[in-house]
Amino acid sequence: MFLSLRTEVEEALEGALAELEYPTDDLGIEEPPEDVESVLASSVAFRLASEAGAPPPRVAGQVADAIDADELTYVSEIRTQGPYLNFLPSDAYFAETLAAGTDETYGSLADRDTSLVVEHTSANPTGPVHVGRARNPIIGDAVANLLDFAGYDVSRHYYVNDAGRQMAVFTWAYETFDEADLEAEPERDRIEYDLVRYYRKGNRFLENASEAEVEAAEAEIDSIMQGLEAGDEETYERVSEVVDQVLSGMKTCLGRLPAEFDEFVKETRFMRDDSTDDVVSRLEDLDDAVYEEEAWQLNLESFGIEKNLVFLRSDGTSLYPTRDLAHHEWKFDNYDQAVTVLGEDHKLQARQIDATLELLGNDTDKLEQVLYSYVNLPEGKMSTRRGTGVDLDDLLDEAIDRAREEVETRLDDRIRDDDLDEDDIERIAHQVGIGAVRYDIVSKQPTKAITFEWERALDFEAQSAPYVQYVHARCCGILEEAGFDVEAGEFPEADVDADLLETPAERALLETIARLPAVVDEAADDLEPHQIATYTREFADRFNAFYRECPVLADDVDPDRREARLALVATSKHTVANALSILGVAAPRSM
RNA sequence: GGGCGCGUAGCUCAGUCCGGAAAGAGCGUCGGACUUCUAAUCCGACGGUCGUGGGUUCAAAUCCCAUCGCGCCCGCCA
């Protein structure tokens with residue numbers, strides 16, 4: 001409804017300015033501060049003052065007089081306050097918001113008839129997922145949810161780097177060493193924890209062994225890479241044995257978030273179908289291609305990139321970026337738009353890919369990146385190869401354990417006698433624990449660097465998931481108390497008199513609810529799910545004020561008012577449930 | 001050295017793209033509110049040279065220039 005109101009205000013303002021023969025290029029529309037009653041404001045009077053030869057407040061009055069509020073649907077009144085024009089919402093604005101909000105899908109936007117692929121995580125299948133990379137699936141999943149909710153037809157892809165030197169080293173190590181060669185037991189009873197020990201052993205060997213031993217190992221590693229490049233089926237099988245096993249474990253871990261994928265796209269696919277070779281030959285034909293030091297390179301200076309992009313090694317094998325180019329052209333062939341979520345350490349690479357795709361004749365406007373900064377430990381970087389870092393599994397376990405403790409200590413002083421059983425406690429522990437981890441990460445701008453600290457990551461106070469989740473539980477509590485089976489999708493009638501929602505707390509809550517579709521629209525446009533998190537916080541504040549001020553089920557509440565408030569609670573439930581679902585945070589019906 | 005990002009209350013962060021009303025939250029500290037639809041809640045107090053210096057503007061946390069601090073990148077790795 002907010003979007004409709006904004007359109008209405010824009011048109012009214014533009015009409016008034018035109019009528020007064022003022023320029024209409026900048027309407028100065030803005031959202032007013034919290035203590036101002038309006039939902040939308042304009043500071044256009046400042047800009048017109050010199051042209052009008054009158055002080056801003058007088059211009060504001062003049063513009064306000066030129067608009068007839070009676071002709072507007074969602075605006076009841078235009079009030080000036082000094083130089084500002086304030087647009088106050090009408091009863092229809094509130095009534096239509098309430099009506100729209102009783103739909104369970106409230107906030108979702110109309111189908112855009114646009115297919116879009118979100119690639120995220122794409123961590124190399126070398127071992128357990130660690131916290132340093134955990135931002136990727138959490139942000140990526142939220143971006144995908146957000147775009148889905150905003151009307152795009154979204155596919156979620158994990159690009160599997162199964163063709164690089166890392167996997168050749170891993171395969172060689174896996175085939176060369178035995179359990180007896182490994183120093184330690186697996187940290188966890190799952191395949192990627194088992195196999196990563198071979199990878200680490202292999203890397204240590206290459207660092208420490210004698211020159212002759214390393215040379216022999218390198219020859220074997222090189223033959224694996226050559227085999228992959230040549231499309232040799234046997235080599236592919238050997239590498240796949242490692243890749244598929246490790247990947248299955250990583251999938252299990254990511255599934256706990258949960259982050260699910262529609263497709264795992266393997267890099268080798270673009271070698272086997274010859275599209276990488278095709279890219280290479282097309283690149284060689286470009287004017288910007290140079291053959292230097294026996295390797296084919298691309299000069300990207302015209303894009304402001306000093307560094308040459310090597311796309312074919314002197315031994316004739318392709319490099320990661322070369323295969324990624326084929327991968328991206330495949331995306332362009334199959335989807336209308338593409339979004340990639342990746343760490344800021346890949347930023348230069350992303351620019352190179354973008355520039356090269358353009359040279360190859362692609363429309364790179366269809367491709368966008370979401371970049372995030374690394375999560376580091378206080379003592380430094382996390383590394384799978386060196387085995388430093390905190391595993392995502394451990395973080396999630398710890399979060400659930402702490403959440404369970406919270407639930408149990410709160411059990412004693414619960415007022416409500418809804419007797420939570422063991423299953424409930426376990427459910428709440430999972431919802432709150434994992435929700436807190438996700439919310440903590442998704443609510444911040446991804447460009448900000450994060451240093452991982454247990455206490456901070458697992459703080460359930462603060463502006464955290466439980467705070468917002470609690471609001472959802474409160475909504476469900478009221479609805480269930482009123483006899484609705486929320487779990488079965490039973491909600492109160494939408495046909496109520498919204499005019500009865502007249503207190504400031506109710507109006508403020510409705511105003512916030514009204515903004516959800518606009519927030520989704522803008523967040524999707526900017527690819528910034530943290531805007532949704534910010535919104536959930538504001539929404540929770542408003543709901544808690546309503547909860548405090550406006551009893552719904554108390555005996556002294558008039559039946560009609562009770563019905564209206566119940567509808568408002570149902571609308572609130574949908575609003576917060578949908579916003580949380582975008583963030584990938586569970587919405588508990590009790591806590 | 002060059003490129004990019006970040007710098008807002010003691011701490012963690014919104015707000016910056018698109019300049020407008022007296023800079024907003026949470027945590028922490030201090031003081032209050034449960035016989036009431038769940039207190040994982042709420043109310044109040046304290047707390048700010050928006051890194052620094054210049055500039056543009058009627059108006060700058062927001063735009064421009066410079067500068068300092070921190071991070072990332074600058075492989076025939078991925």
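Just so it is clear: chains get the letters A, B, ... in the order the sequence lines come, proteins before strands, and each one is counted from 1. Treat the numbers as computed from the prediction; the structure is a model and nothing was measured.
One atom, CD1 of A:Ile221, and another, P of B:rA78, lie 13 Å apart when rounded to the nearest Å. In this structure, A:Tyr374 atom OH and B:rC70 atom C1' are separated by 18 Å, rounded to whole Å. Remark: P of B:rU12 and CZ of A:Phe452 are 16 Å apart, rounded to the nearest angstrom. Rounded to an integer number of Å, the gap from CZ of A:Phe170 to P of B:rC77 is 20 Å. Residue A:Glu31 contributes atom CD, which lies 10 Å from atom P of B:rU16 at whole-angstrom precision. For A:Phe46 and B:rA59, the CZ to P distance is 11 Å, given to the nearest whole Å. The distance from atom CD of A:Glu549 to atom C1' of B:rU41 is 13 Å, rounded to the nearest whole Å. Nucleotide B:rG3 holds its P atom 18 Å from the CG atom of A:Leu300, rounded to whole Å.
Closest contact between the side chain of A:Val310 and the listed nucleotides B:rA40, B:rC76, B:rC73 involves B:rC76. In the set B:rA78, B:rA40, B:rG26, the nucleotide with an atom closest to the side chain of A:Met225 is B:rA78. Comparing B:rA78, B:rC76, B:rC37 by their nearest atom to the side chain of A:Glu293 picks out B:rC76.
Using a 4.0 Å heavy-atom cutoff across all strands shown, A:Glu522 reaches at least one base atom of the nucleic acid. Nucleic acid contact class of A:His530 (heavy atoms, under 4.0 Å, all strands): sugar-phosphate only. Among the atoms of the strands shown, none is found under 4.0 Å from any heavy atom of A:Gln166. Nucleic acid contact class of A:Val432 (heavy atoms, under 4.0 Å, all strands): base. Heavy atoms of A:Cys475 sit nowhere under 4.0 angstrom from any nucleic acid atom. Heavy atoms of A:Ala533 sit nowhere under 4.0 angstrom from any nucleic acid atom. Here A:Asn86 lies in heavy-atom contact (under 4.0 Å) with a base. Note on A:Pro56: nothing from the nucleic acid sits closer than 4.0 angstrom, heavy atoms only. Across all strands shown, A:Arg323 has heavy atoms under 4.0 Å from sugar-phosphate atoms exclusively, and none from any base. Residue A:Ala41 is in base contact, counting any heavy-atom pair closer than 4.0 Å across all strands shown. Residue contacts for A:Tyr547: at a heavy-atom cut-off of 4.0 Å it reaches a base atom on one of the strands shown. Within the 4.0 angstrom heavy-atom criterion, no nucleotide atom of any strand lies near A:Arg537. Heavy atoms of A:Val552 sit under 4.0 angstrom from at least one base atom. Counting non-hydrogen atoms under 4.0 angstrom, A:Val471 reaches nothing in the nucleic acid.
When the side-chain nitrogen and oxygen atoms of A:Lys307 are compared with OP1 and OP2 of B:rG3, none of them lie within a distance under 4.0 Å. In this structure, A:Asn544 reaches the B:rC42 phosphate: one of its side-chain N or O atoms is under 4.0 Å from OP1 or OP2. Phosphate contact (OP1/OP2 of B:rA40, side-chain N/O of A:Tyr439, threshold under 4.0 Å): absent. The shortest distance between the side-chain N/O atoms of A:Arg548 and the OP1/OP2 oxygens of B:rU36 is not below 4.0 Å. Distances shorter than 4.0 Å separate none of the side-chain N or O atoms of A:Arg351 from OP1 or OP2 on B:rC73. Between A:Arg47 and B:rG19 there is no side-chain polar atom (N or O) within less than 4.0 angstrom of OP1 or OP2. A close approach under 4.0 Å does not occur between any side-chain nitrogen or oxygen of A:Arg410 and OP1 or OP2 of B:rU41.
The same atom, C1', is picked in B:rU36 and in B:rC17; the two are 47 Å apart, to the nearest Å. Rounded to whole Å, the P atom of B:rG3 lies 12 Å from the corresponding atom of B:rC65. Nucleotides B:rG7 and B:rU62 place their P atoms 12 Å apart, quoted to the nearest Å. A distance of about 9 Å separates the C1' atoms of B:rC13 and B:rU8, rounded to the whole Å. Rounded to whole Å, the separation between the C1' atoms of B:rA61 and B:rA22 comes to 15 Å. B:rC11 sits 34 Å from B:rC74 when the C1' atoms are compared, rounded to a whole Å. Across B:rA23 and B:rC64, the matching P atoms stand 23 Å from one another, rounded to whole Å. Going from the P atom of B:rG51 to that of B:rA9 covers 8 Å, rounded to whole Å.
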Quiz item: How does each nucleotide of nucleotides 5-11 of chain B score, in 5' to 3' order, for protein heavy atoms under 4.0 Å: base (B), sugar-phosphate only (S), or none (-)?
Solution: SSS---S
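A distance-only check finds no donor-acceptor pair linking the side chain of A:Tyr372 to the backbone of A:Val341 [under 3.5 Å]. In terms of modelled atom types and a separation under 3.5 Å, the side chain of A:Glu229 and the main chain of A:Ser318 share a donor-acceptor contact. Within the 3.5 Å criterion, the main-chain N or O of A:Ala41 finds no donor-acceptor partner in the side chain of A:Asn86. Put simply, the side chain of A:Ser42 gets close to the backbone of A:Leu27: a donor and an acceptor are under 3.5 Å apart.
Between A:Val437 and A:Ala399, the shortest heavy-atom contact is CG2-CB, 3.7 Å.
Residues A:Asp526 and A:Gln531 bring a donor and an acceptor atom of their side chains to less than 3.5 Å of each other.
Residue A:Glu487 qualifies as open at atom CD: its count of foreign heavy atoms under 6.0 Å is 12 or below. Around atom CZ of A:Arg58, no more than 12 heavy atoms belonging to other residues, nucleotides or ligands sit under 6.0 Å away.
Nucleotide B:rG19 has no partner under the Watson-Crick or G-U criteria, as no pair reaches both atom distances under 3.5 Å. Applying the Watson-Crick and G-U wobble criteria (two distances, each under 3.5 Å), B:rG31 pairs with B:rC43. A 3.5 Å limit on both hydrogen-bonding distances identifies B:rG55 as the Watson-Crick or G-U partner of B:rC63. With a cut-off of 3.5 Å on both pairing distances, the Watson-Crick or G-U wobble partner of B:rG24 is B:rC13. Nucleotide B:rG69 forms a pair with B:rC6, judged by Watson-Crick or G-U wobble geometry with both contacts under 3.5 Å.
Comparing A:Ile450 and A:Leu553, the nucleotide of RNA chain B nearest to each residue sits closer to the 5' end for A:Ile450. Heavy-atom distances to RNA chain B give each of A:Val36 and A:Gly164 a nearest nucleotide, and the one nearer the 5′ end belongs to A:Val36.
One finds no salt bridge joining A:Arg351 and A:Asp354 here, because no Lys/Arg side-chain nitrogen approaches an Asp/Glu carboxylate oxygen to under 4.0 Å. The pair A:Glu31-A:Arg6 fails the salt-bridge criterion, with no side-chain N (NZ, NE, NH1 or NH2) lying under 4.0 Å from an Asp/Glu carboxylate O. Using a 4.0 Å cut-off between charged nitrogen and carboxylate oxygen, A:Arg565 and A:Glu506 count as a salt-bridge pair.
Note on ring orientation: taking the six-membered ring where Trp is involved, the planes of A:His327 and A:Phe270 are tilted (angle from 30° to 60°).
Classification of B:rC34 as syn follows from a glycosidic angle within 90° of 0.
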